[in-house]
Amino acid sequence: TVYGLFALLVLLNVVSLAIDVLPYHVFWLFVLGVLSYVSVLGSYYVYYAERISLFKRAQWQRLWYQLRHPSWPAYKFKFAVLMFANALNYTFTVFSVVQAYNSASARDFPSVILALMNMDMMIYFAFYIIMKYRSGERVGLRVWILLGFVAALWVCAVALYEIPLT
């Protein structure tokens, strides 16, 4: 569902650029709505270390119970990292919305999504490494090599998106 929502966002962005059908502020409000939905599902997945399904009633009941009866989080470090990541996501998205609204153009949307995904993956990798060290495990050489490879691909992707179109 997450990839489908992102695909729908890209489709709406293309449609709003090609045909002036969708008002600009409606598009960005939809983006913020999808980001909220994805961040709740992602936070649930990382915090409880299980997949969330839209069709499992018990998971929604537990989430609804937690919202109605808040308590201190059992995993304080995970909770702090999730709050930091979500705050960064929302701050970056709101900044992008304000910047795009001032320029009255939606052409920067793919760069915003790319930056959000890169930022989230960097936070998740840092979380992974910190959790490995906190539990006394060792991060192997293979993981460091793969992380270096992924970082190099991120740099290439950002450089590609920053090349102006002709």
Side-chain angles (χ1 to χ4, degrees), residues 1-14 16-17 27-54 56 59 62-63 66 73-101 103 105-165:
T1 58
V2 172
Y3 291 116
L5 288 173
F6 282 134
L8 182 63
L9 284 177
V10 171
L11 176 70
L12 287 175
N13 183 36
V14 169
S16 69
L17 285 175
F27 170 74
W28 279 103
L29 286 174
F30 186 70
V31 168
L32 285 172
V34 169
L35 177 68
S36 300
Y37 176 75
V38 169
S39 68
V40 166
L41 290 181
S43 297
Y44 185 93
Y45 173 73
V46 170
Y47 189 76
Y48 289 109
E50 64 183 47
R51 290 196 180 271
I52 186 170
S53 172
L54 297 176
K56 287 188 180 177
Q59 289 177 339
R62 179 168 52 179
L63 184 61
Q66 290 295 330
Y75 309 109
K76 289 176 180 50
F77 182 75
K78 278 186 182 181
F79 183 77
V81 169
L82 287 172
M83 290 299 104
F84 174 74
N86 285 330
L88 238 115
N89 278 336
Y90 286 115
T91 303
F92 184 77
T93 305
V94 168
F95 174 75
S96 299
V97 168
V98 169
Q99 184 180 11
Y101 186 74
S103 69
S105 165
R107 67 178 175 270
D108 242 9
F109 178 71
S111 298
V112 170
I113 293 298
L114 178 68
L116 275 174
M117 292 171 90
N118 284 345
M119 185 173 56
D120 287 343
M121 288 305 294
M122 285 188 268
I123 291 170
Y124 185 76
F125 284 149
F127 173 74
Y128 171 77
I129 290 169
I130 291 168
M131 290 305 287
K132 281 283 199 184
Y133 282 126
R134 281 186 58 155
S135 66
E137 294 182 36
R138 187 177 156 267
V139 179
L141 180 63
R142 180 176 165 206
V143 172
W144 288 112
I145 290 171
L146 289 174
L147 285 176
F149 183 67
V150 167
L153 289 176
W154 284 339
V155 169
C156 292
V158 170
L160 176 71
Y161 270 91
E162 293 300 318
I163 295 172
L165 298 174

query = Yes or no on side-chain contact (heavy atoms from CB on, under 4.5 Å) for Lys78 and Val81, after CA distance, side-chain angles and deciding distance?
reply = CA-CA 5 Å; Lys78 278 186 182 181; Val81 169; 5.9 Å; no

ask   = How many angstroms lie between atom CG of Asn86 and atom CE of Met83, to the nearest 0.5 angstrom?
value = 5.0 Å

message = Check this for me: Phe77, atom CZ, are more than 12 non-hydrogen atoms of other residues, nucleotides or ligands nearer than 6.0 Å?
response = yes

task = Before giving the answer on side-chain contact (heavy atoms from CB on, under 4.5 Å), spell out for Leu147 and Val139 the whole-Å C-alpha distance, their side-chain angles and the decisive distance to 0.1 Å.
result = CA-CA 11 Å; Leu147 285 176; Val139 179; 5.7 Å; no

ask   = When you look at Met121 and Val150, which way does the side-chain contact (heavy atoms from CB on, under 4.5 Å) test go after all the steps?
value = CA-CA 10 Å; Met121 288 305 294; Val150 167; over 6 Å; no

task = State, yes or no, whether a side-chain contact exists between Trp144 and Ile129 at a heavy-atom distance under 4.5 Å.
result = yes

query = Hey, is CZ on Phe127 packed in by over 12 heavy atoms from elsewhere, all under 6.0 Å?
reply = yes

Atom pair OH (Tyr75) and CG (Leu82), whose distance is rounded to the nearest 0.5 Å = 12.5 Å

remark   = Distance col, row Phe84:CZ vs Asn89:CG, nearest 0.5 angstrom, shows 10.0 Å

query = Within a radius of less than 6.0 Å around OH of Tyr90, do more than 12 heavy atoms belonging to other residues, nucleotides or ligands occur?
reply = yes

query = Looking at OH of Tyr133 and OH of Tyr128, how far apart are the two atoms once the value is rounded to the nearest 0.5 Å?
reply = 10.5 Å

